[in-house]
Amino acid sequence: MPAWIDNALDLHAKAIDVRGRRAEILASNLANADTPGYKARDINFRDVLAQARGNSTLHTTSDRHFGSASSSAGLGQEGLVYRIPNQASLDGNTVETQVEKAQFGENAVRYQASVNFINGSIKGLLLALKGE
(Lines give C-alpha, C1' and ligand atoms only; values in the text may rest on other atoms or scores of the structure.)
Protein backbone atom coordinates (compact mmCIF):
# COMPACT_ATOMS: atom_id res chain seq x y z
CA MET A 1 0.00 0.00 0.00
CA PRO A 2 1.45 3.43 -0.87
CA ALA A 3 2.74 5.50 2.03
CA TRP A 4 0.29 8.36 1.48
CA ILE A 5 -2.64 5.99 1.88
CA ASP A 6 -1.07 4.56 5.04
CA ASN A 7 -0.69 8.09 6.39
CA ALA A 8 -4.30 8.92 5.57
CA LEU A 9 -5.77 5.82 7.21
CA ASP A 10 -3.16 4.73 9.72
CA LEU A 11 -4.56 6.04 13.00
CA HIS A 12 -8.09 4.73 12.54
CA ALA A 13 -6.94 1.43 11.07
CA LYS A 14 -4.78 0.83 14.14
CA ALA A 15 -7.62 2.00 16.40
CA ILE A 16 -9.93 -0.58 14.81
CA ASP A 17 -7.36 -3.31 15.53
CA VAL A 18 -7.06 -2.24 19.16
CA ARG A 19 -10.83 -1.84 19.59
CA GLY A 20 -11.37 -5.32 18.13
CA ARG A 21 -8.85 -6.79 20.56
CA ARG A 22 -10.49 -4.93 23.45
CA ALA A 23 -13.92 -6.30 22.42
CA GLU A 24 -12.49 -9.83 22.63
CA ILE A 25 -11.11 -9.15 26.13
CA LEU A 26 -14.38 -7.64 27.36
CA ALA A 27 -16.37 -10.54 25.86
CA SER A 28 -14.04 -12.96 27.66
CA ASN A 29 -14.71 -11.13 30.91
CA LEU A 30 -18.46 -11.41 30.40
CA ALA A 31 -18.19 -15.09 29.48
CA ASN A 32 -16.34 -15.76 32.73
CA ALA A 33 -18.63 -13.72 34.98
CA ASP A 34 -19.55 -16.86 36.96
CA THR A 35 -16.10 -18.49 37.01
CA PRO A 36 -14.73 -18.57 40.56
CA GLY A 37 -11.42 -16.76 40.89
CA TYR A 38 -11.50 -15.21 37.42
CA LYS A 39 -9.84 -11.80 37.29
CA ALA A 40 -11.34 -9.26 34.88
CA ARG A 41 -8.84 -7.81 32.42
CA ASP A 42 -8.78 -4.84 30.13
CA ILE A 43 -6.28 -2.86 28.12
CA ASN A 44 -5.13 0.71 28.40
CA PHE A 45 -6.33 1.80 24.96
CA ARG A 46 -4.07 4.84 24.71
CA ASP A 47 -0.90 2.91 25.56
CA VAL A 48 -1.68 -0.02 23.27
CA LEU A 49 -2.62 2.29 20.39
CA ALA A 50 0.66 4.17 20.77
CA GLN A 51 2.46 0.84 20.74
CA ALA A 52 0.53 -0.32 17.67
CA ARG A 53 1.36 2.89 15.80
CA GLY A 54 4.97 1.83 15.69
CA ASN A 55 6.63 3.17 18.76
CA SER A 56 7.92 -0.30 19.55
CA THR A 57 7.86 -2.15 16.24
CA LEU A 58 10.74 -4.28 15.13
CA HIS A 59 12.43 -2.87 12.05
CA THR A 60 14.12 -5.30 9.70
CA THR A 61 16.92 -4.59 7.26
CA SER A 62 16.30 -7.51 4.92
CA ASP A 63 13.28 -9.22 3.39
CA ARG A 64 14.56 -12.49 4.84
CA HIS A 65 14.32 -11.24 8.45
CA PHE A 66 11.32 -12.20 10.52
CA GLY A 67 9.25 -9.53 12.22
CA SER A 68 8.02 -10.04 15.71
CA ALA A 69 4.73 -11.89 16.05
CA SER A 70 2.96 -8.98 17.68
CA SER A 71 4.62 -6.13 15.78
CA SER A 72 2.08 -6.08 12.96
CA ALA A 73 -0.67 -4.94 15.22
CA GLY A 74 1.10 -4.41 18.53
CA LEU A 75 -1.58 -6.45 20.18
CA GLY A 76 0.21 -9.22 21.99
CA GLN A 77 -0.32 -9.94 25.65
CA GLU A 78 1.41 -6.69 26.61
CA GLY A 79 -0.92 -3.91 27.58
CA LEU A 80 -3.28 -6.22 29.45
CA VAL A 81 -4.10 -5.03 32.93
CA TYR A 82 -6.31 -6.43 35.64
CA ARG A 83 -9.35 -4.37 36.40
CA ILE A 84 -9.82 -3.25 39.98
CA PRO A 85 -13.40 -4.07 40.99
CA ASN A 86 -15.66 -1.76 42.94
CA GLN A 87 -16.78 -4.77 44.97
CA ALA A 88 -15.21 -8.18 44.42
CA SER A 89 -17.32 -11.28 44.94
CA LEU A 90 -16.60 -13.76 47.71
CA ASP A 91 -15.33 -16.42 45.28
CA GLY A 92 -12.56 -14.10 44.04
CA ASN A 93 -14.18 -13.26 40.71
CA THR A 94 -13.64 -9.58 39.84
CA VAL A 95 -16.01 -9.38 36.86
CA GLU A 96 -18.77 -6.83 37.36
CA THR A 97 -21.22 -7.53 34.57
CA GLN A 98 -22.77 -4.06 34.53
CA VAL A 99 -19.32 -2.46 34.18
CA GLU A 100 -18.28 -4.93 31.48
CA LYS A 101 -21.50 -4.36 29.52
CA ALA A 102 -21.05 -0.58 29.71
CA GLN A 103 -17.42 -0.83 28.60
CA PHE A 104 -18.37 -3.22 25.79
CA GLY A 105 -21.06 -0.84 24.54
CA GLU A 106 -18.73 2.17 24.66
CA ASN A 107 -16.04 0.20 22.84
CA ALA A 108 -18.53 -0.84 20.13
CA VAL A 109 -19.59 2.78 19.57
CA ARG A 110 -15.98 3.93 19.28
CA TYR A 111 -15.18 1.02 16.95
CA GLN A 112 -18.03 2.08 14.68
CA ALA A 113 -16.82 5.69 14.81
CA SER A 114 -13.39 4.60 13.59
CA VAL A 115 -15.01 2.62 10.77
CA ASN A 116 -17.01 5.71 9.81
CA PHE A 117 -13.85 7.88 9.82
CA ILE A 118 -12.09 5.40 7.53
CA ASN A 119 -15.09 5.31 5.18
CA GLY A 120 -15.08 9.11 5.06
CA SER A 121 -11.34 9.19 4.38
CA ILE A 122 -11.68 6.67 1.55
CA LYS A 123 -14.55 8.63 0.02
CA GLY A 124 -12.44 11.80 0.22
CA LEU A 125 -9.49 10.10 -1.42
CA LEU A 126 -11.72 8.75 -4.20
CA LEU A 127 -13.17 12.21 -4.81
CA ALA A 128 -9.65 13.66 -4.95
CA LEU A 129 -8.55 10.99 -7.43
CA LYS A 130 -11.59 11.64 -9.64
CA GLY A 131 -10.94 15.39 -9.48
CA GLU A 132 -14.43 16.25 -8.31
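Quantities reported herein were computed from a predicted structural model and do not represent experimental measurements. Position 1 is the first residue of the sequence, and the numbers go up from there.
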[atom1] of [X]: more than 12 outside heavy atoms within 6.0 angstrom?
X      : atom1 : result
Leu126 : CG    : yes
Asp34  : CG    : no
Tyr38  : OH    : yes

With a 3.5 Å distance limit and no angle check, can you tell me whether Lys39 reaches the backbone of Val95 through a side-chain donor-acceptor pair?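 Judged by distance alone, no pair lies under 3.5 Å.
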Supply the atom-to-atom distance [X] [atom1] to [Y] [atom2], rounded to the nearest 0.5 angstrom.
X      : Y      : atom1 : atom2 : answer
Asn32  : Asn93  : CG    : CG    : 8.0 Å
Phe117 : Ile16  : CZ    : CD1   : 11.0 Å
Ile122 : Leu129 : CD1   : CG    : 11.5 Å
Ser89  : Glu96  : OG    : CD    : 9.0 Å
Asn107 : Glu24  : CG    : CD    : 10.5 Å

Please report the closest heavy-atom contact between Ala13 and Ile118, naming both atoms and the distance.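 What the structure gives for the nearest pair is N-CD1, 3.6 Å.
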What's the shortest heavy-atom distance between Ile43 and Ile25, and which atoms?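 Heavy-atom minimum between the residues: CG2-CD1, 3.4 Å.
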What I'd like to find out is whether the side chain of Leu80 reaches to under 4.5 Å of the side chain of Arg21, using heavy atoms alone.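 SC-SC contact between Leu80 and Arg21 confirmed.
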Would you check, one step at a time, whether the test side-chain contact (heavy atoms from CB on, under 4.5 Å) holds for Tyr82 with Thr94? CA-CA 9 Å; Tyr82 289 102; Thr94 62; over 6 Å; no
Quick one: do Tyr111 and Leu26 end up in the same hydrophobic cluster if we chain Ile, Leu, Val, Met, Phe, Trp and Tyr together by side-chain heavy atoms under 4.5 Å apart?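 No, it is not one cluster - the side chains of Tyr111 and Leu26 are not joined through contacts under 4.5 Å.
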Do Arg83 and Glu100 sit within salt-bridge range, that is, some charged N less than 4.0 Å from a carboxylate O?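 Looking at Arg83 and Glu100, the cut-off is met.
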Could you go through the side-chain hydrogen bond (donor to acceptor under 3.5 Å, both in side chains) check for Asn116 and Gln112 one step at a time? CA-CA 6 Å; Asn116 289 343; Gln112 187 61 45; 3.2 Å; yes
Cation over ring, Arg22 on Phe45, under 6.0 Å and within 45°?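 That pair does not qualify as a cation-pi contact.
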Which is it for Leu30 and Lys101 under the side-chain contact (heavy atoms from CB on, under 4.5 Å) test, yes or no, and what are the steps along the way? CA-CA 8 Å; Leu30 285 169; Lys101 288 178 182 176; 4.1 Å; yes
